[in-house]
**Q** 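Okay, here's the structure, questions in a sec.
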Number of protein chains: 2
Amino acid sequence: MTLDILKLDNQLCFPLYAATRQFTKIYRPLLEKFNVTYPQYLVLLVLFETDTLSVKALGERLFLDSGTLTPMLKRMEERGLIQRARSFQDERVVEVSLTEKGKALESEIAEVPLAFTKEIKLEEEEYFEMKRILAKILDQV
Amino acid sequence: MTLDILKLDNQLCFPLYAATRQFTKIYRPLLEKFNVTYPQYLVLLVLFETDTLSVKALGERLFLDSGTLTPMLKRMEERGLIQRARSFQDERVVEVSLTEKGKALESEIAEVPLAFTKEIKLEEEEYFEMKRILAKILDQV
DNA sequence: GATAATTTAATTGTGTACAATCTAATTGTA
DNA sequence: TACAATTAGATTGTACACAATTAAATTATC
């Protein structure tokens with residue numbers, strides 16, 4: 001039978017899912033020397049932009065919840081990259097910030113997105129069109 | 001400081017990663033009544049198209065390895081959706097195929113991609129452009 | 001035809017993801 | 001002010017995802 005609507009090649013989500021995993025596979029060896037995973041790298045990027053952030057705010061930025069972030073942040077804390085501290089104003093809140101060691105990574109780790117861009121060959125217009133459509137999708141959820 | 005190249009909004013991989021997870025979050029409740037996860041659903045789609053397939057061939061189609069597939073296929077076998085059997089020709093190979101129960105899902109599960117399409121509003125042209133660029137990316141890895 | 005090299009799955013260990021639940025703190029409201 | 005409702009993170013349990021290794025079968029090479 002095989003209904004057309006069920007064909008793998010007619011799905012949008014599948015190539016998205018596959019490409020994401022292939023991308024993180026490219027990132028892995030690039031991030032290895034910094035001893036961080038791809039999601040941890042994203043946390044660093046947010047913290048390079050925003051000094052201190054609650055777990056909730058971090059989760060909203062990365063679309064992740066505390067079930068994912070709490071253990072991940074603990075690992076990053078153990079490795080001396082970040083600090084976690086209860087807020088004085090609101091004891092429910094945990095504030096996350098970079099340590100000196102974490103801050104020191106910024107200039108070094110800038111080589112990673114550069115190296116990544118070399119691995120993946122897209123026209124500039126394709127790159128921006130892709131980002132535009134993805135932003136439209138993320139806007140809807 | 002914050003180098004532009006490290007800004008989260010300048011990354012291509014991040015919105016891809018985020019959108020993929022948001023998409024699978026949309027799929028989850030749609031697939032719940034069939035008691036399958038999104039990656040398991042992808043296995044079903046492949047098997048609707050190809051009767052019998054080795055674990056290796058399945059992995060090549062879905063960009064997954066035996067470390068992911070073996071336990072996932074065992075769960076699907078436990079639930080009576082698929083069969084796993086060593087090949088007679090080559091004892092290294094495990095052949096995967098649908099059970100009658102698995103085959104019976106095809107017509108019912110066709111409602112899932114239809115329901116998904118309603119959730120996510122893209123111009124037809126955006127949908128195809130996205131698929132084209134993703135295919136180009138997957139072609140390179 | 002013995003044996004080295006390769007191939008296929010399975011296994012092990014680490015790290016996400018996320019739903020569901022829990023706990024403690026804060027806020028809203030009668 | 002009591003106390004119900006909400007909120008923030010942590011915890012629990014299940015399911016990927018994948019690198020690295022292992023085990024068994026097959027193929028290549030001498």
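This is a predicted model, so every value here is computed, not measured. Note on naming: letters A, B, ... go to the chains in the order of the sequence lines (proteins, then strands), and numbering restarts at 1 for each one.
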**Q** Would you mind reading off the bend of the helix from C:dG1-D:dC30 to C:dA30-D:dT1 from its two end axes, five pairs each, to 10 degrees?
**A** 10°

**Q** Begin from the C-alpha positions of A:E77 and A:R84 and carry the test salt bridge (Lys or Arg N to Asp or Glu O under 4.0 Å) through to its verdict.
**A** CA-CA 7 Å; A:E77 191 179 33; A:R84 293 160 64 246; 3.0 Å; yes

**Q** For residues A:Y38 and A:T24, report the shortest heavy-atom separation together with the two atoms involved.
**A** CD2-CG2, 3.7 Å

**Q** Ignoring hydrogens, what is the shortest heavy-atom contact between A:A104 and A:E108? Give both atom names and the distance.
**A** O-OE2, 3.9 Å

**Q** Using the ring of each side chain (for Trp, its six-membered ring), is B:F14 parallel, tilted or perpendicular to A:F63, with breaks at 30° and 60°?
**A** tilted

**Q** Select base, sugar-phosphate, or nothing to describe what A:Q89 touches, counting heavy atoms under 4.0 Å on all strands.
**A** sugar-phosphate

**Q** How long is the straight-line distance from CG of B:L58 back to OG of B:S66, given to the nearest 0.5 Å?
**A** 11.5 Å

**Q** Passes side chain to side chain contact (heavy atoms under 4.5 Å, CB included), B:K136 versus A:E126? Steps please.
**A** CA-CA 10 Å; B:K136 181 172 175 179; A:E126 291 172 329; 2.8 Å; yes

**Q** Taking all non-hydrogen atoms of both residues into account, name the closest pair between A:I82 and A:L73 and its distance.
**A** CD1-O, 3.4 Å

**Q** Where does the angle between the aromatic ring planes of B:Y41 and B:Y27 fall among parallel (under 30°), tilted (30 to 60°) and perpendicular (over 60°)?
**A** tilted

**Q** Could you pull out the closest heavy-atom pair between B:A19 and A:L134, with the gap in Å?
**A** CB-CD2, 3.8 Å

**Q** Earliest and latest nucleotide of DNA chain C, 5' to 3', sitting under 4.0 Å from a non-hydrogen atom of chain B?
**A** C:dT7 to C:dA19

**Q** Within the 4.0 Å limit for protein heavy atoms, which parts of nucleotides 9-18 of chain D are touched? Write it as a string from 5' to 3', B for base, S for sugar-phosphate only, - for none.
**A** BBB---SSBB

**Q** Is it the case that B:E95 and B:T52 place a side-chain donor and acceptor less than 3.5 Å from each other?
**A** no

